[in-house]
Amino acid sequence: MTCETLTAEDAAALLLTWYDRHHRDLPWRVSPPMARQGVVADPYHVWLSEVMLQQTTVQAVKAYFDKFLRLWPTVEDLAAADSEDVMKAWAGLGYYARARNLRKCAEAVAREHGGRFPDTEEGLKALPGVGAYTAAAIAAIAFNRRSAVLDGNVERVISRLYAVETPLPAAKAGMRQLVSRLTPADRPGDFAQAMMDLGATICTPKRPACTLCPFHMKCMALHSADPETFPIKAAKKEKPVRLGAAFVAIDNADAVYLRKRPDTGLLGGMTEVPGTDWSARRDGETSVDARPFAAPWEPCGTIAHVFTHFELRLSVYRANVAEALPAAGGWWEPIATLNMQALPTVMKKAIAQAIPHAFKPG
DNA sequence: AACACGTGGGG
DNA sequence: TCCCCAAGTGT
């Protein structure tokens, strides 16, 4: 069997027909029947979901999307929000620069654009935290622009459809051209979402369900090779191990000593328990200097946490103190309200290691 | 261009 | 257990 030529018209027709029947229903999405009647999604909802979805699974995003809309129903509300509250609400979702940029972006939209998102790719891309992908996605989905939307899903679909031999990320420019050629003037937003749904549900990284794919007869990878070998990627580097220590102090009122991290860099602007720097050094000895105050510190085990570019092994120390000692820069937070703080997951792990009941309900 | 930047789920 | 990776952006 030969691989039939794929025209742009065929691609859009095949994909949109598939999407009408098999699209996912998502909280931020306008379903195809509505979309076909010209209803477009709220740009604020589209932007919020797209930022949350950067490198993050749909499953993880749903609850956060609901929470943010509940707390800040409009972009003006978010623009007026306290940064600390935004960081608290984002805690656990990761890539915290997104949360810092989120409020900056809302502020820019509210103050510089009268509360309306720009309706062009160029205007959108000028906003904080909005890059090439997100600008194209918002333009297509919320403003019906014919922009070429290229994310990890689309890269996978395109790389297989055309059996692209160039490795990522070098192949991206060429793929954007291919997507641009296929994107229809009618329903470009649905086309983009359909490509992403296809990548997420059919054209998956492992064991793609090619028999169910609308491009089944048109896919060069399927007809000439093993689709699973695409996209070809540059080799990744191995993760170094870093070591450190964390200090969990508990006072006689069941409060834990916390402090705020610097606004930039790893976990920037988030809350932490005091600790050492994290380095490759194999010593907990420098940890003496990192103790927030003198107390009967006792080792209570280690935790491991994997970041994007290194693995962390943290030695956790605990101390019970009679009363809340004054200490520069931090504060004492009751265990009961720890869950409302801007604590990244690694810090919750460290606290849970020292206080096993800290995050248990009741 | 290459690297920094989180987390949780699935195979 | 370990590896992969998920709707990327900023520098």
Side-chain angles (χ1 to χ4, degrees), chain A residues 23-24 26-29 41 45-65 87 90-102 104-105 124-142 147-157 167-170 172-173 176 179 189 191-201 203-208 228 231 233-240 242 261 263-270 272 278 303-312 342-349:
Chain A
H23 64 88
R24 291 178 290 176
L26 300 171
W28 46 84
R29 180 176 275 183
H45 296 186
V46 175
W47 163 72
L48 183 60
S49 65
E50 290 301 344
V51 172
M52 288 182 168
L53 286 161
Q54 290 167 7
Q55 299 290 286
T56 308
T57 56
V58 165
Q59 179 56 35
V61 164
K62 283 180 178 171
Y64 284 85
F65 179 78
M87 299 312 283
W90 195 276
L93 199 56
Y95 283 141
Y96 298 102
R98 292 184 295 173
R100 285 176 257 136
N101 284 149
L102 194 74
K104 280 186 207 161
C105 182
L124 289 159
K125 192 168 180 323
L127 296 169
V130 177
Y133 160 75
T134 304
I138 298 171
I141 298 168
S147 10
V149 175
L150 184 68
D151 77 326
N153 291 122
V154 182
E155 284 169 9
R156 192 164 52 254
V157 173
L168 287 171
K172 285 182 75 167
R176 188 169 282 107
V179 178
F191 181 85
Q193 294 178 94
M195 286 288 275
M196 295 190 277
D197 276 18
L198 188 68
T201 64
C203 195
T204 50
K206 304 294 179 191
R207 303 181 64 82
E228 205 171 292
K233 295 184 176 180
K236 57 196 56 149
K237 307 196 320 183
E238 76 173 273
K239 278 179 193 188
R242 294 190 196 172
R261 291 175 67 87
D263 280 324
T264 56
L266 188 68
L267 308 177
M270 300 297 284
E272 67 173 3
W278 301 337
I303 59 136
H305 191 76
V306 180
F307 291 94
T308 308
H309 54 298
F310 67 93
E311 177 187 333
L312 176 66
L343 287 165
T345 298
V346 63
M347 292 301 160
K348 286 191 170 189
K349 280 190 193 175

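Residue numbers begin at 1 in each chain, while the letters A, B, ... track the order of the sequences.
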Exercise. Of all heavy-atom pairs between Trp47(A) and Cys105(A), which one has the smallest distance, and what is that distance?
Worked result: NE1-SG, 3.5 Å
For this session: Establish, with yes or no, whether the OP1 or OP2 oxygen of dC5(B) is under 4.0 angstrom from a side-chain nitrogen or oxygen of His309(A).
Result: yes
Exercise. Quantified in whole Å, what is the P atom distance between nucleotide dA6(C) and nucleotide dC5(B)?
Worked result: 22 Å
For this session: Verify the distance criterion only: is there a donor paired with an acceptor across the side chains of His305(A) and Lys349(A) at less than 3.5 Å?
Result: yes
For this session: Starting from the 5' end of DNA chain C, give me the residue, Lys233(A) or Gly131(A), whose nearest nucleotide shows up first.
Result: Lys233(A)
Problem set entry | Separation of atom CG in Asp197(A) from atom P in dA6(C), rounded to whole Å | 14 Å
Problem set entry | Residue closer to the 5' end of DNA chain C, Arg24(A) versus Asn101(A) (nearest nucleotide) | Arg24(A)
Problem set entry | Listed partners of Ala140(A) passing side-chain contact (heavy atoms from CB on, under 4.5 Å), at least two apart | Ser147(A), Val149(A)
For this session: Using the P atom on both, measure dT11(C) against dG6(B) and round to a whole Å.
Result: 14 Å
Problem set entry | For the student: nearest non-hydrogen atoms of Gly92(A) and Thr345(A), plus distance | CA-OG1, 4.0 Å
Problem set entry | Spacing of Glu228(A) atom CD relative to dC5(C) atom C1', expressed in whole Å | 13 Å
Exercise. Of all residues at least two apart in sequence or in a different chain, which pass the side-chain hydrogen bond (donor to acceptor under 3.5 Å, both in side chains) check with Thr204(A)?
Worked result: none
For this session: Check every strand shown and say whether Trp28(A) touches a base, only sugar-phosphate, or nothing at a heavy-atom separation below 4.0 Å.
Result: base
Seminar exercise, completed: Scoring nucleotides 6-11 of chain B by protein non-hydrogen atoms under 4.0 Å (B base, S sugar-phosphate only, - none) yields BBS---
For this session: Whole angstrom is fine here: how far is it from CD in Glu238(A) over to C1' in dC2(C)?
Result: 14 Å
For this session: Report which part of the nucleic acid Val130(A) touches: base, sugar-phosphate, or nothing (heavy-atom distance under 4.0 Å, all strands).
Result: sugar-phosphate
Seminar exercise, completed: Separation of dA6(C) atom P from Leu53(A) atom CG, nearest Å, is 13 Å
Exercise. Can you check the Lys125(A) NZ to dG8(C) P distance for me, whole Å?
Worked result: 15 Å
Exercise. How is Ala132(A) classified with respect to the nucleic acid when contacts are heavy atoms under 4.0 Å: base, sugar-phosphate, or nothing?
Worked result: sugar-phosphate
For this session: Looking at every strand, decide which applies to Leu26(A) at a 4.0 Å heavy-atom threshold: base, sugar-phosphate, or nothing.
Result: base
Exercise. Trp278(A) CH2 to dA4(B) C1': how many Å, rounded?
Worked result: 14 Å
For this session: Classify the nucleic acid contact of Thr134(A) as base, sugar-phosphate or nothing, counting any heavy atom under 4.0 Å across all strands shown.
Result: sugar-phosphate
Problem set entry | Length of the CZ-C1' vector between Arg242(A) and dC5(B), whole Å | 11 Å
Exercise. Any luck finding a side-chain donor-acceptor pair between Ser49(A) and Arg29(A) under 3.5 Å?
Worked result: no
Exercise. Would Glu155(A) and Lys172(A) count as a side chain to side chain contact (heavy atoms under 4.5 Å, CB included) if you check the C-alpha gap in whole Å, the side-chain angles of each, and the deciding distance to 0.1 Å?
Worked result: CA-CA 8 Å; Glu155(A) 284 169 9; Lys172(A) 285 182 75 167; 3.2 Å; yes
Exercise. Within this structure, what is the CG-to-C1' distance between Leu168(A) and dC3(B), rounded to whole angstrom?
Worked result: 17 Å
Exercise. Can you find a side-chain donor-acceptor pair between Tyr133(A) and Glu50(A) that sits under 3.5 Å?
Worked result: yes
